Undergrad: 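Structure provided below as C-alpha cells; questions to follow.
All of these numbers come straight from a predicted model, not from anything done at the bench.
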Amino acid sequence: MKLKLPIIESNQAHFIASDAHNLSGRSFRLREAYDEIGKEFGRDLVYMFQENAELVVEGNTIYRQPPQEVRRKNFWEYFKRTW
C-alpha cells in the first residue's frame with residue numbers, strides 16, 4: 001500500500017486517531033496506520049504522533065513542524081496508478 005496523504009506531507013497533521021467506540025462493527029486499526037505511516041514517512045514521525053497524543057492528554061504543548069503548502073495535483077495525476 002502506498003500512502004500519500006497531503007496533510008501529513010505538509011506538516012498539518014499532529015495526531016493519528018481512530019474511531020474506536022464501535023469495536024463490534026469494525027476493528028481498531030491504529031497499529032496498522034502507524035505501521036503504514038512509518039513505512040512511508042519514517043519512524044520519527046510515528047514517534048512524534050504518539051508523543052503528541054500523550055502530551056495533549058497531559059495538557060502539555062505538542063510537537064509540530066512549520067506547515068507547508070499542500071501541493072495540488074494537476075489534472076493528469078488523478079489518473080496515475082500508485083501500485
Undergrad: I need the minimum non-hydrogen distance between L55 and I62, along with the two atoms involved.
TA: CD1-CA, 4.0 Å
Undergrad: Would you compute the distance between atom CG of L5 and atom CD of E36 and round it to the nearest 0.5 angstrom?
TA: 10.5 Å
Undergrad: Sequence neighbours left out, what passes side chain to side chain donor-acceptor pair (under 3.5 Å) with N60? Give chain and number order.
TA: E58
Undergrad: Is it the case that atom CZ in R43 sees more than 12 heavy atoms from other parts of the structure closer than 6.0 Å?
TA: yes
Undergrad: Hey, could you give me the CD/CE distance between Q65 and M48, rounded to the nearest 0.5 Å?
TA: 6.5 Å
Undergrad: Might you work through the side chain to side chain contact (heavy atoms under 4.5 Å, CB included) test for H14 and Y63, ending with a clear yes or no?
TA: CA-CA 8 Å; H14 309 300; Y63 298 113; over 6 Å; no
Undergrad: Work out which heavy atom in F49 is nearest to a heavy atom in Y34; give both atom names and the distance.
TA: CB-CE2, 3.9 Å
Undergrad: Would you check if the side chain of N11 reaches a backbone N or O of P66 as a donor-acceptor pair within less than 3.5 Å?
TA: yes
Undergrad: If you look at every heavy atom in L30 and A17, which pair is closest and at what distance?
TA: CD1-C, 4.1 Å
Undergrad: How many angstroms lie between atom CD of E40 and atom CG of D35, to the nearest 0.5 angstrom?
TA: 13.5 Å
Undergrad: What pair of heavy atoms forms the shortest contact from F15 to N52, and how long is it?
TA: CE2-O, 3.4 Å
Undergrad: Using side chain to side chain donor-acceptor pair (under 3.5 Å) as the criterion, list what pairs up with Q12, not counting sequence neighbours.
TA: S10
